[in-house]
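Notes follow the structure.
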Amino acid sequence: MLRYAVKLTRTPGAMDDADVDDLRAVGYSDRDILDIAEVVGYYAYANRIADGLGIEPESWIPD
């Protein structure tokens, strides 16, 4: 799952059917895979909005 999340974050254009098949092979349901993709996508979206607006990270977030 983490390998999928990292690949989706770093190289989303390189995702293919094998990435989803790998998750299914270890027991993730289609709903689980959708949840993983949505969480990864949401964080990418939220971070780009914050970066685009120049929002500074909270002081409690480690560098």
Side-chain angles (χ1 to χ4, degrees):
M1 185 264 298
L2 294 177
R3 186 176 8 255
Y4 175 92
V6 169
K7 183 176 179 183
L8 183 55
T9 298
R10 292 184 177 169
T11 56
M15 300 300 290
D16 57 30
D17 291 344
D19 297 306
V20 173
D21 292 340
D22 289 346
L23 291 175
R24 287 183 182 131
V26 295
Y28 286 98
S29 70
D30 287 347
R31 176 57 199 244
D32 295 333
I33 297 165
L34 174 62
D35 289 345
I36 294 164
E38 287 179 331
V39 168
V40 171
Y42 172 75
Y43 275 93
Y45 165 79
N47 286 329
R48 280 166 181 75
I49 294 296
D51 290 345
L53 296 174
I55 296 172
E56 294 294 324
E58 299 289 336
S59 60
W60 56 267
I61 298 175
D63 291 334

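Count residues from 1 along the sequence. If you're wondering where the values come from, they're calculated on a predicted model, not measured in any experiment.
- The side chain to side chain contact (heavy atoms under 4.5 Å, CB included) search around Glu56 returns none, not counting sequence neighbours.
- Within the 3.5 Å criterion, the main-chain N or O of Asp32 finds no donor-acceptor partner in the side chain of Asp35.
- Hydrophobic clustering of Ile, Leu, Val, Met, Phe, Trp and Tyr side chains at less than 4.5 Å, counting indirect connections, unites Val40 with Val26.
- Within the structure, salt bridge (Lys or Arg N to Asp or Glu O under 4.0 Å) pairs that include any residue of residues 3-18 comprise Lys7-Asp19 (at least two apart or interchain).
- Not counting sequence neighbours, the partners of Ile55 by the side chain to side chain contact (heavy atoms under 4.5 Å, CB included) test are Ala50, Leu53.
- A salt bridge links Arg24 with Asp21: at least one charged nitrogen is closer than 4.0 Å to a carboxylate oxygen.
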- Begin from the C-alpha positions of Ile33 and Tyr4 and carry the test side-chain contact (heavy atoms from CB on, under 4.5 Å) through to its verdict. CA-CA 9 Å; Ile33 297 165; Tyr4 175 92; 4.2 Å; yes
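- Considering every non-hydrogen atom in both Leu8 and Ala37, the closest pair reads CD2-CA, 4.0 Å.
- Following chains of ILVMFWY side-chain contacts shorter than 4.5 Å, one can reach Leu2 starting from Met15, so the two form part of one hydrophobic cluster.
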